[in-house]
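Notes follow once the structure below has been shown.
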Amino acid sequence: MSNVTSLELNDFIHQCVSALTDNTLQRLVFSKYRGEDKELTRIAVRTIELKGQRLASCLYEYRTNHITKNTELVDAGTLCQQWLGKDFQSAHLITNEWEVQLSISKKGKVLINKYRNKNTPKISGKEVNADDSAMLHNRAKKRFVEQNRPYLRELGITDANGEIIPSMSRKWKQINKFIEVLSRAIDNTGLAEKNEVHIADFGSGKAYLTFAVHDYFTEKLQVNTQVTGVELRHGLVDLCNQTAKKLALPGIKFEQGDVQHFKAQGINIMIALHACDIATDYALHMGIQTGAEIIMCSPCCHKQIRPQMKSPAMLAPLLQHGIHMGQEAEMVTDGLRALLLEAHGYDTQVFEFISLEHTSKNKMILAQKRKQPRDNSAILQQVADIKAFYGIKEQCLESLLA
């Protein structure tokens with residue numbers, strides 16, 4: 001393809017640079033590649049914030065893998081000129097206000113279609129101007145995961161155009177919420193400042209969250225990360241390892257096993273979602289023993305405590321119904337777990353999360369390692385008092401920690 005120069009092309013490149021610099025860019029994709037590299041298919045550009053500096057992040061999408069290269073905004077115009085002047089025949093720019101489609105014919109003729117972005121926010125029935133649109137865009141709900149990430153497409157969350165597949169919208173929300181919770185914990189514990197972070201995800205399943213965590217650390221935080229997904233089902237282990245290999249992702253692997261028998265050391269983040277009954281206790285115990293800065297669990301199937309619980313006479317009329325007894329057992333079980341984490345050096349929260357695809361449970365236990373030690377004898381006494389009140393003889397996590 002011969003070099004292309006025209007006023008229309010220069011104007012389009014100017015619009016691309018302006019969208020990058022004034023933070024109104026929603027999407028910029030260069031496609032219909034005709035260059036010498038036969039493996040390259042397209043390049044997607046977005047802006048990112050990295051260590052206080054805004055950069056242009058360029059995702060080079062090859063047939064078998066993807067590579068991200070970050071560049072300063074001042075150099076973005078030169079890159080766009082190079083790509084469109086020589087290698088690509090098409091580009092699609094979407095800003096808060098405009099949508100622009102550029103095509104270059106084989107003879108070098110530039111064709112441009114430009115129209116208002118139909119998703120531009122409106123005020124009182126009128127379209128807002130670019131400045132107001134940018135302001136509203138900045139105020140919009142922050143997404144912690146970018147839709148154009150390659151692993152999302154490979155796992156079937158997004159389609160070839162980077163759009164969320166409708167049937168996966170709930171999973172998309174769950175991934176974003178999970179990374180949002182994790183990002184706050186990372187800020188609180190200072191993990192982003194470490195040279196290397198080790199993460200274990202027990203019961204990783206199809207590994208939607210495992211890949212999301214790896215991507216967040218390596219791409220967003222630029223931290224060298226080693227992630228291990230542990231899963232009992234051999235078929236899923238093989239599938240996830242194949243996906244990691246196809247995406248050419250370093251530092252992520254999957255192993256067959258379970259939390260009760262897996263030997264772990266030096267883990268910074270321990271994740272166990274949908275850990276059934278005492279598997280949650282084993283996961284929490286492992287997190288404590290390995291000194292993890294962050295522990296994230298989503299408990300399920302609270303079976304150990306319920307048969308032991310004896311209803312105090314005053315509560316018996318309320319707890320005579322099975323569903324109420326189950327809810328009470330769940331609250332007591334997770335309440336004791338939170339107290340035991342507190343007693344072993346963690347600040348702990350128990351809160352509502354987005355339910356997983358294989359269970360309606362929507363509770364999460366988040367524990368962040370406390371930086372300053374303190375006397376925890378009062379907490380241990382609270383645990384003993386609660387057990388005595390309900391007649392509980394044994395709680396698994398307490399026994400493991402004894």
Please report the C-alpha distance between Ile323 and Gln327 in whole Å, then the side-chain angles of each, then the deciding distance to 0.1 Å, and finally whether the side chain to side chain contact (heavy atoms under 4.5 Å, CB included) criterion is met.
CA-CA 6 Å; Ile323 186 172; Gln327 291 169 342; 4.0 Å; yes
Step by step, work out the side chain to side chain contact (heavy atoms under 4.5 Å, CB included) result for Phe178 and Ser298.
CA-CA 11 Å; Phe178 183 84; Ser298 184; over 6 Å; no
Mind running side chain to side chain contact (heavy atoms under 4.5 Å, CB included) on Ile392 and Val332 for me, showing each step along the way?
CA-CA 10 Å; Ile392 298 169; Val332 173; 3.8 Å; yes
Taking it one step at a time, do Ile386 and Leu339 satisfy side chain to side chain contact (heavy atoms under 4.5 Å, CB included)?
CA-CA 11 Å; Ile386 292 169; Leu339 286 171; 3.7 Å; yes
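Side chain to side chain, Ser90 and Gln101 meet the donor-acceptor criterion of an N or O pair below 3.5 Å. Looking at His92 and Glu99, their side chains do bring a donor and an acceptor atom within 3.5 Å of each other. Looking only at atom types and distance, the side chain of Lys171 has a donor-acceptor partner in the side chain of Gln174 under 3.5 Å away. Of the N and O atoms on the side chains of Ser399 and Glu394, at least one donor lies less than 3.5 Å from an acceptor on the other residue. Between the side chains of His234 and Asp238, at least one donor N or O sits under 3.5 Å from an acceptor N or O. Checking Tyr390 against Glu328 by side-chain atom types alone, a donor-acceptor pair falls below 3.5 Å. Side-chain contact, Asp385 with Gln381: a donor N or O sits under 3.5 Å from an acceptor N or O. Side-chain polar atoms of Asp11 and Gln15 form a donor-acceptor pair below 3.5 angstrom.
Distance CD1/Ile305 to OG1/Thr333: 4.5 Å, rounded to 0.5 Å. In this structure, OG1 on Thr210 lies 9.5 Å from CD1 on Ile199, to the nearest 0.5 angstrom.
Ring geometry for His321 against His324 counts as perpendicular: the plane angle is over 60°, on a 0 to 90° scale with 30° as the lower cut. Ring pair Phe211/Phe254 is tilted by interplanar angle, where 30° to 60° counts as tilted.
Shown here for Ala160 and Arg153, the closest heavy-atom pair between the two residues is CA-CD, 3.8 Å. Closest heavy-atom contact between Leu20 and Leu73: O-CD1, 4.0 Å. Asn70 approaches Leu55 most closely through the heavy-atom pair CB-CD1, 4.1 Å. For the pair Glu61 and Ala44, the tightest heavy-atom approach, listed with the atom from each and the gap, is OE2-CB, 4.2 Å. Of all heavy-atom pairs spanning Ser57 and Ile48, the tightest one is CB-CG2, 3.8 Å. Across every non-hydrogen atom of Tyr216 and Phe144, the tightest pair is CD1-O, 4.1 Å.
Between the side chain of Asp87 and the main chain of Trp83, no donor-acceptor pair closer than 3.5 Å is present. Side-chain N or O atoms of His66 include none that pairs as donor or acceptor with a backbone N or O of Pro150 at under 3.5 Å. Gln308 places a side-chain N or O within 3.5 Å of a backbone atom of Lys393 that can act as its donor or acceptor partner. A donor-acceptor distance shorter than 3.5 angstrom exists from the side chain of Thr21 to the backbone of Ser18, with no hydrogens or angles considered.
Residue pairs meeting the salt bridge (charged side-chain N to carboxylate O under 4.0 Å, His left out) criterion with at least one member in residues 339-348, sequence neighbours excluded: Glu342-Arg370, Glu342-Arg374, Asp347-Arg370.
When side chains are defined from C-beta on, Gln349 does not count as touching Met364, because their heavy atoms never get closer than 4.5 Å.
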